[in-house]
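Counting begins at 1 with the first residue of the sequence.
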Amino acid sequence: MNINEIRNAAQRAAGHVRRTPLLSSPFLDEIAGRRVFVKPECLQHTGSFKFRGAHNALSQLSADQREMGVIAYSSGNHAQGIALAARQNGASAVIVMPADAPRMKIDNTRALGAEVVLYDRATEDRDAIGTRIADERGLTLIKPFDNEAVIAGQGTVGLEIANQARELGISNAQVLVPCGGGGLTSGIALALDHEAPGMKVRPVEPAGFDDVTRSLISGQIEENAQRAGSICDAIITPSPGQITFPIMQRLCGSGIVVPDEDCLRAMAAAFNRLKLVIEPGAAIALAAALYNPDQIKGDAVIVVATGGNVDAPVFADALARFA
């Protein structure tokens with residue numbers, strides 16, 4: 001992985017991927033005790049940054065691969081990104097999704113034309129299911145984070161952050177990123193290492209699912225004991241990736257672990273102050289900035305709000321409790 005792959009991804013993204021803004025609010029600044037800038041990838045196509053990596057991966061497939069089709073596994077955001085990118089590139093898509101994924105994500109993936117295969121994330125292995133179906137049907141497997149084309153596509157978020165921060169006169173800041181397997185985190189870290197070396201990426205994870213945080217401490221890949229049990233479904237993964245972890249180990253700062261309730265509080269704050277709809281896992285970086293200020297250094301922090309695909313009852317609960 002290198003910066004040229006991310007720059008090439010940005011060229012492929014032109015005209016297809018939205019350039020999301022950096023937003024701010026004096027009310028959020030007051031809570032955090034520093035300037036807070038939010039990168040709302042919830043405004044991206046399919047409501048998540050995942051379309052960036054999916055578009056980059058699908059756009060590089062051969063004609064034969066597109067004809068045979070692709071397969072991916074995802075709790076919902078990578079699923080929707082792949083489904084849309086596949087449709088735009090004339091390819092069929094099969095998506096392996098946990099049966100307890102938010103209903104909106106399952107329905108949207110089907111509506112975009114993908115075949116959905118459901119599984120029990122607590123007892124079944126999505127990797128094994130995806131590999132088996134790929135082998136049986138001759139499909140190209142596009143992993144949600146441990147794929148170089150996907151990482152490069154996600155890294156375009158970092159290029160945008162570097163340019164936007166420069167326009168705002170920000171040269172030193174910590175960049176908080178909701179982290180599952182590390183595709184977005186490592187992609188942004190690679191981009192900023194070249195384009196804004198004064199910025200340091202910090203992965204943010206839910207309590208009980210802090211595999212990346214523990215891996216960065218131990219120096220080796222650690223796994224989560226559970227596969228389910230947090231409202232942050234979008235960033236629950238078994239462990240960091242074989243490609244992503246070495247990048248994060250080299251370029252990222254220490255992880256930050258946040259309880260689920262703080263994510264709900266951050267969802268309400270983002271709606272009230274920025275008029276954004278953010279799902280729990282996507283709100284976790286903002287939650288870290290607002291409610292864990294002692295773990296962050298500097299007078300400015302940039303957070304990525306990775307997606308907005310939240311079921312209405314969950315969003316209503318966040319507003320009812322914390323608005």
Side-chain angles (χ1 to χ4, degrees), residues 13 17-23 38-56 72-85 95 97-98 100-109 111-112 114 144-145 150-151 153-158 160-161 175-185 187-188 203-206 209 230-237 258 260 262-271 274-289 302-315 317-319:
V17 174
R18 290 175 180 154
R19 183 182 187 268
T20 55
L22 275 187
L23 304 178
V38 179
K39 179 78 165 161
E41 282 294 296
C42 51
L43 303 180
Q44 189 54 256
H45 295 299
T46 71
S48 163
F49 76 95
K50 289 286 191 176
F51 178 70
R52 294 175 182 265
H55 175 270
N56 193 49
Y73 40 75
S74 165
S75 67
N77 286 334
H78 181 60
Q80 293 171 84
I82 291 291
L84 178 58
I95 312 294
M97 300 183 69
D100 64 347
R103 178 52 52 183
M104 169 189 283
K105 294 180 179 181
I106 295 174
D107 292 345
N108 286 352
T109 302
L112 288 168
F145 52 84
V150 168
I151 295 170
Q154 320 304 28
T156 60
V157 175
E160 291 180 16
I161 288 174
V175 179
L176 309 189
V177 183
C179 188
L184 177 65
T185 307
I188 291 176
V204 188
E205 298 177 287
F209 300 88
S230 169
I231 61 172
C232 300
D233 64 281
I235 53 175
I236 296 176
T237 54
V258 174
D260 281 359
D262 281 355
C263 297
L264 293 174
R265 292 170 67 193
M267 290 167 64
F271 179 75
L274 298 174
K275 309 310 173 190
L276 294 177
V277 175
I278 306 177
E279 63 189 274
I284 198 167
L286 179 59
I302 297 171
V303 305
V304 182
T306 45
N309 295 310
V310 57
D311 282 344
V314 176
F315 190 68
D317 179 54
L319 296 185

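Using a 4.5 Å cut-off on side-chain heavy atoms (C-beta onward), Phe145 and Ile151 make no contact. Here the side chains of Pro280 and Val314 are in contact, with some heavy-atom distance below 4.5 Å. Between Phe209 and Ile235 the shortest side-chain heavy-atom distance does not fall below 4.5 Å. In this structure, Lys50 and Gln154 have side chains that are in contact, with non-hydrogen atoms separated by less than 4.5 Å. Two residues are said to be in side-chain contact when any heavy atoms from C-beta on lie closer than 4.5 Å; Leu274 and Pro40 fail this criterion. Looking at heavy atoms from C-beta onward, Met267 lies in side-chain contact with Val310 at the 4.5 angstrom threshold.
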Legend entry - Derivation and outcome, side chain to side chain contact (heavy atoms under 4.5 Å, CB included), residues Cys232 and Cys263: CA-CA 8 Å; Cys232 300; Cys263 297; 3.7 Å; yes

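With values rounded to the nearest 0.5 angstrom, Thr156 atom OG1 is found 10.5 Å from Phe49 atom CZ. If you take CG on Asn77 and CG on Asp233, they are separated by 7.5 Å, rounding to the nearest 0.5 Å. Considering CG of Leu23 and CG of Leu276, their distance stands at 6.0 Å, rounded to 0.5 Å. Between the NZ atom in Lys105 and the CD1 atom in Ile95 there is a gap of 13.5 Å [rounded to 0.5 Å]. The structure places OG of Ser230 at 10.5 Å from CD of Glu205, a figure rounded to the nearest 0.5 Å. Atoms CG and CD1, from Leu264 and Ile231 in turn, are 3.5 Å apart once rounded to the nearest 0.5 Å.
A donor-acceptor pair under 3.5 Å is absent between the side-chain atoms of Asp262 and the main chain of Ile284, judged by distance alone.
The residues Arg18 and Glu160 are annotated as not salt-bridged, no charged nitrogen and carboxylate oxygen being separated by less than 4.0 angstrom.
Scanning for side-chain hydrogen bond (donor to acceptor under 3.5 Å, both in side chains) contacts around Thr20 gives Lys39, Glu41, with sequence neighbours left out. With sequence neighbours left out, the side-chain hydrogen bond (donor to acceptor under 3.5 Å, both in side chains) criterion links Ser74 to no other residue.
In terms of heavy-atom proximity, Ala268 sits nearest to Leu319 at CA-CD2, 3.9 Å.
Tested against Gln80 for a side chain to side chain donor-acceptor pair (under 3.5 Å), the candidates Thr109, Thr46, Asn108 yield a single pass: Asn108.
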